[in-house]
Amino acid sequence: MMPSLTWAKNLAIALAVSVSLTACMATTRNVDTAEEVHYNANYDFSDKKKIVDDLTNSLLQSDIAYRAEKPILVVYGVANETSEHINTGGITDDIRLALIRAGKYRFINKYQRDSIAAEVAHQTAGHVPVSERIRQGQQLGADYILTGTLRSIEKKQSRQWRLFEKKLVYYSLNLEMTDLTSGEIAWADKVELAREASKPIFRW
Amino acid sequence: MMQSSKRRWAVLLLGVSLWLSGCASQPLAKVRDDVNHGHYAQALERLDASEFTDRDRLLVYLHKGLILHELGRYEDSNQQLLQAAELIEALDQIDISEQLSTLAVNEWLATYRGEYSERLWVHSYLMMNFLLLGDAEAAAVEARRALRVFDAHPKPLKNAFFTRALTGLSFEHVGLLNDAVLEYRVLADALPNPAPVAARLHRYARELGLSDVAEKYKPEDSSDGQVVPPGQGELVVFVARGRIPKKVSGNVFVPPDIRLSWPEYAYTYPLRGTYTLRVSGAAPGYSTIRSDMALLARTSLAARATSVATKQVARAVAKHAIVDEVSEKDPLVAGILQLALFVLEEADTRGWDVLPQQLDLLRVPLPVGEHNVQLSLGGQHVVDLPMVKIVPGSRVFHKVRLP
């Protein structure tokens, strides 16, 4: 009787120790950026990647991309109309990068205009020999502006008589290219994402 | 031998109860004292130096966020308040083990989750900070998050006029006039007198082609000077006054051994005194939207009075049952235990108690140019704003703290 009791006690201790150790163990792993990962219903890098991929493909397949002379674009940004603090500059940066790599469009660096002006002013202030100064008045003029809006709608399920609370989040990103000469919207497309997540209302 | 050990434990429990009832959340009480005396830097140091449990984590974020806002460190304030907002969302789940422990002892063992009004004010301060930092888009994000809190607790937050006006302003500032009109309509219907918002609502409704809304809110006096004329700009001032009352413990003793204890806000008189605004020596027309924070805090607390009362009755029954169980075995231990549980029945008086008592939103249309702006209260407290520079269509934000 006694030996079996000791054996059971040891087993219980070992089990308790292993459970507590497992709970305390911190883990780290590299995640493939192509892998779709979501921890909750909110916007994350997988969503950004899908938005960028879909809109880049759409832009590359548009008629504008096949013109003899590469269209020149200036990015005016994507307005964030969601209820999350999302840096939409990351979306437009990645779209611009993909389009530059594809070689179908040319871009004006709107966000460095002040730096360009400062550098030009420095060169023309007498610090740089005339022969090495850049020629002024040679900057590219944009054919189109690229703008967009990121929106979200969020709905939570009522808590009454439930053990789990569901949350549904819908995101849409509308991107459009406006012809600076005519004011016409020359291209537009959108990406939609909807995700449902649930979490227990109670926890121990 | 066994009985003596039990008695020692019971005496120890009584000692701990007396100690706990006297010193709960002492560092936060001292922070309030520091802030009341205007020692903001000292309050921050105290918050950084003190040890807090996870149960008070939200209060630490809230206190730090507000103190940093008062100091004009808006980015640092946002860091704290964004963490507070995230934590409030995470605390949405009901922790059963924690609830059971509060049933046996008191509510101080629960993680502080914030009153409904406090959950809203996190977003009010974030909106103000983002507007003061010039980040209109982020302020609009916070406006949407504030709307979620309004939707979740419509009754206790009905009179949160300042935040509702700030939400409308945040939408208006990024050009979302439809959303702004929706908020101004809710505000106009909630205000005792819609005059401070009617002219603005009338103008935007007309611009959007909402003729019935425009007609409904047509101001009686068209020259009230509250709407920015084309080509001019606007100064927006957030004015904070006073200090929100502290939560105190209300008590009822039911002989022989039951004590019921609940939190309530100490009574404070509404603040008196009127503002005088001078722009380069002249008195301009302007609108004011005011929130009585003390009143809102009381309304929010009252909204969960039923659940507080239910929990108290359940706790009284649970404590009675525990003492009954022990008294059958050892009446002396039961007596000491009864005294300890009686002492431990202490109302949870934690709160975001460094908030002001009143918040005002002043909107002043101004012509293009540079202006010396002076705000005074009852002719006593005079505040000179930094030079206000208005360009066509601009909106300039400032905050003022008054006693």
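A note on names: the letters A, B, ... follow the listed sequences, proteins ahead of strands, and every chain is numbered from 1. Note that this is a predicted model, so its numbers are computed, not measured.
Of the atoms belonging to B:Leu147, not a single heavy atom falls under 4.5 Å from chain A. For a residue to count as touching a neighbouring chain, one of its non-hydrogen atoms must lie under 4.5 Å from one of that chain's; by this rule B:Phe130 touches chain A with the side chain only.
The local environment of CG in A:Leu97 is crowded, with over 12 non-hydrogen atoms from other residues, nucleotides or ligands closer than 6.0 Å. Annotation: B:Glu207, atom CD; neighbour count of heavy atoms from other residues, nucleotides and ligands within 6.0 Å is above 12. Open room surrounds CD on B:Glu86; 12 or fewer heavy atoms of other groups in view lie less than 6.0 Å from it. More than 12 heavy atoms of other residues, nucleotides or ligands shown are found within 6.0 angstrom of NZ on B:Lys399. Applying the 6.0 Å contact sphere to CD of A:Glu69 captures no more than 12 heavy atoms from other residues, nucleotides or ligands. In the displayed structure, B:Glu51 atom CD is contacted under 6.0 Å by at most 12 heavy atoms of other residues, nucleotides or ligands.
Side-chain atoms of B:Glu137 come within 3.5 Å of backbone atoms of A:Asn80 as a donor-acceptor pair (strictly under, hydrogens ignored).
Between A:Glu81 and B:Arg144, no side-chain nitrogen of the basic residue sits less than 4.0 Å from a carboxylate oxygen of the acidic one, so the salt-bridge criterion is not met.
Here NE2 of A:His85 is found 8.5 Å from CG of B:Asp135. Values are rounded to the nearest 0.5 Å. Here the CG-NZ distance, from B:Asp151 to A:Lys156, works out to 11.5 Å after rounding to the nearest 0.5 Å. Taken to the nearest 0.5 Å, the CD1 atom of B:Ile94 stands 4.5 Å off from the CZ atom of A:Phe202.
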| query | After noting the C-alpha distance and the side-chain angles of A:Glu154 and B:Arg148, does the key distance pass the side chain to side chain contact (heavy atoms under 4.5 Å, CB included) rule? | reply | CA-CA 10 Å; A:Glu154 187 183 312; B:Arg148 291 205 299 225; 2.8 Å; yes
